[in-house]
Amino acid sequence: QVQLVESGGGLVQAGGSLRLSCAASGGTFSGYGGAWFRQAPGQEREFVGSISGNGGRTRYADSVKGRFTISRDNAKNTVYLQMNSLKPEDTAAYSCAAYVIGTGGFPRYDYWGQGTQVTVSS
């Protein structure tokens with residue numbers, strides 16, 4: 001059983017930066033891909049980006065491409081989300097998830113963190 005804990009959220013002005021961390025315990029994170037999602041009040045959960053288990057492959061939503069970067073340190077069992085040039089529309093609760101590739105080649109999200117709030121003021 002893998003437990004995921006996010007940290008690093010907070011209040012930042014538009015144009016600023018934050019780095020979120022997702023620390024895993026109870027298992028080896030390197031056996032899983034890591035993904036970030038976000039959900040703003042009244043909106044559906046949105047995929048932000050993901051990184052493969054060995055860090056060799058990343059994907060991003062178009063809305064964050066060029067501004068956000070996902071990385072990982074498997075020695076620390078941690079996945080990061082570096083967020084630059086933040087906009088008010090990036091305000092949301094950000095959650096990380098651990099996934100494996102399941103049936104049909106689609107990710108199966110086995111574990112989720114509780115989330116951390118990011119608020120971007122204009």
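Given the structure is predicted, the values throughout are model-derived calculations rather than measurements.
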Quiz item: Who else is in the cluster with Y32 when I, L, V, M, F, W and Y are joined by side-chain contacts under 4.5 Å?
Solution: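 Members alongside Y32: V2, L4, V12, L18, L20, F29, W36, V48, I51, Y60, V64, F68, I70, V79, L81, M83, L86, Y94, V100, Y111, V118, V120.
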Pairs touching [range] that satisfy salt bridge (Lys or Arg N to Asp or Glu O under 4.0 Å), sequence neighbours left out:
range	result
residues 79-88	none
residues 4-13	none
residues 104-122	R108-D110
residues 47-58	none

Practice problem: Name all pairs fulfilling the side-chain hydrogen bond (donor to acceptor under 3.5 Å, both in side chains) condition that reach into residues 9-23, sequence neighbours left out, sorted by first residue then second. | Solution: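 Pairs touching residues 9-23 that pass the test: S17-N84.
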Exercise. Write down the atom of A14, the atom of S122, and the distance for their closest heavy-atom approach.
Key: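 For A14 versus S122, the nearest heavy atoms are CB-CA, 4.4 Å.
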Quiz item: For the residue pair Y109 and P107, what are the closest heavy atoms and their distance?
Solution: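 Residues Y109 and P107, closest heavy atoms: OH-CG, 3.5 Å.
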Quiz prompt | From R72 atom CZ to T58 atom OG1, the distance as rounded to the nearest 0.5 Å | solution =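 Going from CZ on R72 over to OG1 on T58, the span is 11.5 Å.
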Quiz item: Judged by atom type as modelled, is there a donor-acceptor pair below 3.5 Å linking the side chain of T78 to the main-chain atoms of K76?
Solution: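 Looks like yes, one N/O pair under 3.5 Å.
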Quiz prompt | Residues in side-chain hydrogen bond (donor to acceptor under 3.5 Å, both in side chains) contact with S121, at least two apart in sequence or another chain | solution =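 side-chain hydrogen bond (donor to acceptor under 3.5 Å, both in side chains) list for S121, sorted by chain: empty.
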Exercise. Could you list the residues that satisfy side-chain hydrogen bond (donor to acceptor under 3.5 Å, both in side chains) with S52, not counting sequence neighbours?
Key: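 Result, side-chain hydrogen bond (donor to acceptor under 3.5 Å, both in side chains) vs S52: N54.
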Self-check item: Any residue meeting salt bridge (charged side-chain N to carboxylate O under 4.0 Å, His left out) with R67, in chain and number order, not counting sequence neighbours
Solution: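 With neighbours one apart ignored, the set is D90.
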Practice problem: Taking salt bridge (charged side-chain N to carboxylate O under 4.0 Å, His left out) as the test, write out the residues that go with E46, two or more places apart. | Solution: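 Counting only residues at least two positions away or on another chain, E46 forms a salt bridge (charged side-chain N to carboxylate O under 4.0 Å, His left out) with R38.
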Quiz prompt | Within residues 45-122 or reaching into it, pairs that qualify as disulfide bond (SG atoms under 2.5 Å apart) - sequence neighbours excluded | solution =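 Non-adjacent pairs meeting disulfide bond (SG atoms under 2.5 Å apart): C22-C96.
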Quiz prompt | Partner set under side chain to side chain contact (heavy atoms under 4.5 Å, CB included) for T119, not counting sequence neighbours | solution =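 Side chain to side chain contact (heavy atoms under 4.5 Å, CB included) check on T119 returns L11, T91, Q117.
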